S.K.: 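One structure, pasted below without further comment.
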Amino acid sequence: MNIKDEFDTITAIATPVGMGGVGVIRISGDKAFDIIKKIFTNPNFEPRKFNHGWIVDDGKKIDEVIVLPFFAPNSYTGEDVIEIQCHGGVNVVKNILNLVLKNDARMAEKGEFTKRAFLNKRMDLSQAEAVADIIHSKTSEFAKTSVKNLSGVLKEGVNDIRNQIFEVLSKITAGIDFPEDVKEPEYDYLISSFENIISSIDKVLAGANTSNIFRQGASVAIIGKPNVGKSSLFNALLSLDRAIVTDIAGTTRDVIKETLDLGIPVTLIDTAGIRENGENKVENIGIEYSKQSLDEADLVLFVYDASQGITEEDKEVFGLLKDKKYILIANKSDIAEKKSDNDSVYISALTGEGVSELKQKLTAQVCDINPENLDFVTNTRQQECLRKAKASIEQALLASQLRELQDLISIDVKSAILALDELTGELITDDILNNIFDHFCIGK
Ligand code: GDP
């Protein structure tokens, strides 16, 4: 993103382009009110009051609209903002946008409104990133957690840690700068402080894997020899009949994928029964796909037929899993006589017995903590900053245990603070900033 003048007036369509009830055009910057005065029939604005009127181009009516004024600094971007709510047809929205552009606004870049909100200190970087997460969230659970970040939960958590580190740094610095008046802090104090800081960082990092799964989703492959009920399980999990179930071995020939919302987005992959030396060519292709799906999968649901027990053929297929995480599923529990294998989850894809327990187990296996208990979502950039901070504090801890000079210890403590400042955006390079806002959509 290349912004020539950071504070010129920008505009964009804020709603998806297409037919809808309402379309919104946003204008932000010093000239927002000048522009609207030229193209709107009712431009005497008061704070917190919207005006009704017509957008006009040289006296020609374009659309009947409602205009919402936001006076700086009380707006999303912190600048003067105008939002025009017009009828939601593609052309009317574009006509108004063109009129605004003609009157001296510039088309906004991706994420530029939110970038301005950040630059004008209306939100910190973790909040700005939460905006992108909310827009892109694939599950309602993720949207809810992202909202917590938007309200500043992550920011507060990180600031608490920063304050803890800052307090230690102040004590060390005072001891170094005023050796006659201030005693340097005891090493035991440093050790216990650093241990506490590390555990605070660990708490924020605890949900990192779950956060990543929230964002990217998890791939779960259903694997097993033919006819054990993989397609039936796929359907039972999705509660639909997309995969074709038959009782002839080897009839699921393609790889079928569906997204399942378990709070986290799970891509469920039903594969052709893996069977070495399949004679049928079409099935052989399916077998290749299965192996690929297996490579991609974060977790495997390994299915066998509980009425037959684990056979040699099952063991062969199981061998393909290598070191993948898996859940052992004994299907057809409704017709099985023995249900004694404690390592297996007994289910019946046919009757639905055990399927909801399986869903719970599946969520627990792919997430490091229960998504419902997740207070923060972190993204990989934020996790990287937290890990950097943690590594520096670990160094400081080690140095304190070795009773090294506090001058030296303070260097690591300062690095930890810088890493956290990078997370909140207090200290950030243009490259990182542009990379973040490039992932937004235009109009946000
Ligand atoms: P796949 O080849 O592994 O995908 O197996 P399918 O899902 O096509 O199922 C093979 C056969 O087993 C079908 O006749 C299913 O109706 C039957 N089947 C699947 N799950 C169960 C189950 O839990 N209980 C019983 N009794 N039959 C099942």
Side-chain angles (χ1 to χ4, degrees), residues 219-260 262 266-322 324-362 365:
S219 288
V220 175
I222 306 178
I223 302 280
K225 70 176 187 190
N227 234 22
V228 291
K230 296 181 298 297
S231 304
S232 308
L233 172 60
F234 181 85
N235 292 340
L237 283 168
L238 289 160
S239 322
L240 56 79
D241 285 322
R242 192 171 179 292
I244 305 151
V245 180
T246 67
D247 53 8
I248 309 156
T251 42
T252 308
R253 289 180 171 164
D254 285 328
V255 174
I256 302 172
K257 292 186 182 181
E258 282 287 348
T259 303
L260 184 65
L262 293 182
V266 168
T267 305
L268 203 59
I269 313 168
D270 179 20
T271 59
I274 293 184
R275 202 170 40 170
E276 296 291 346
N277 308 320
E279 292 127 38
N280 183 323
K281 259 195 173 164
V282 182
E283 201 187 342
N284 274 338
I285 296 169
I287 292 166
E288 253 333 289
Y289 282 146
S290 300
K291 289 185 177 166
Q292 276 174 25
S293 319
L294 194 57
D295 285 343
E296 279 172 34
D298 299 303
L299 178 75
V300 172
L301 301 182
F302 182 83
V303 188
Y304 68 92
D305 184 335
S307 68
Q308 294 179 1
I310 297 177
T311 64
E312 280 309 310
E313 204 183 343
D314 289 317
K315 284 182 189 162
E316 259 177 56
V317 180
F318 188 78
L320 299 171
L321 264 57
K322 302 206 176 86
K324 282 272 161 191
K325 275 214 278 191
Y326 64 88
I327 300 176
L328 212 52
I329 297 168
N331 186 36
K332 309 196 187 180
S333 65
D334 54 310
I335 53 166
E337 281 167 19
K338 279 202 307 193
K339 299 181 194 175
S340 52
D341 178 10
N342 287 338
D343 294 335
S344 304
V345 183
Y346 280 83
I347 64 155
S348 168
L350 203 65
T351 66
E353 186 194 331
V355 174
S356 61
E357 287 82 354
L358 174 62
K359 278 188 183 179
Q360 280 169 15
K361 188 154 185 176
L362 195 155
Q365 286 264 348

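In each ligand, atom 1 is the first atom listed, and ligand 1 is the first ligand listed. Everything quoted here is computed from the prediction, not taken from an experiment.
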S.K.: Within the structure, does Ile347 bring an N/O atom to less than 3.5 angstrom of an N/O atom in ligand 1?
M.R.: no
S.K.: Taking both backbone and side-chain atoms of Leu350, is any N or O found less than 3.5 Å from an N or O belonging to ligand 1?
M.R.: yes
S.K.: Strictly distance-based, threshold 3.5 Å: is any side-chain N or O of Lys225 a donor or acceptor partner for the main-chain N or O of Lys315?
M.R.: no
S.K.: Scan Ile223, Leu301, Val300 and name whichever one has a side chain to side chain contact (heavy atoms under 4.5 Å, CB included) with Tyr326.
M.R.: Val300
S.K.: Using the rule given for side-chain contact (heavy atoms from CB on, under 4.5 Å), can you reason through Val317 versus Tyr304, listing the C-alpha separation, both sets of side-chain angles and the distance that settles it, and then say yes or no?
M.R.: CA-CA 10 Å; Val317 180; Tyr304 68 92; over 6 Å; no
S.K.: Specify side chain, backbone, both or neither for Asn331, according to which of its non-hydrogen atoms lie closer than 4.0 Å to ligand 1.
M.R.: side chain
S.K.: Using only atom types and a distance under 3.5 Å, with no angle test, would you say the side chain of Lys361 pairs donor to acceptor with the backbone of Ile327?
M.R.: no
S.K.: Is there at least one pair of N or O atoms, one from Ser333 and one from ligand 1, spaced under 3.5 Å apart?
M.R.: no
S.K.: Taking heavy atoms and a distance under 4.0 Å, where does Asp334 meet ligand 1: side chain, backbone, both or neither?
M.R.: side chain
S.K.: Examine distances only and state if a side-chain atom of Lys230 and a backbone atom of Gly224 form a donor-acceptor pair shorter than 3.5 Å.
M.R.: yes
S.K.: Which of the atoms of ligand 1 are close to Lys230, meaning less than 4.0 Å from one of its heavy atoms?
M.R.: 1 (P), 2 (O), 3 (O), 4 (O), 5 (O), 7 (O)
S.K.: Pro226 to ligand 1: N or O pair under 3.5 Å?
M.R.: no
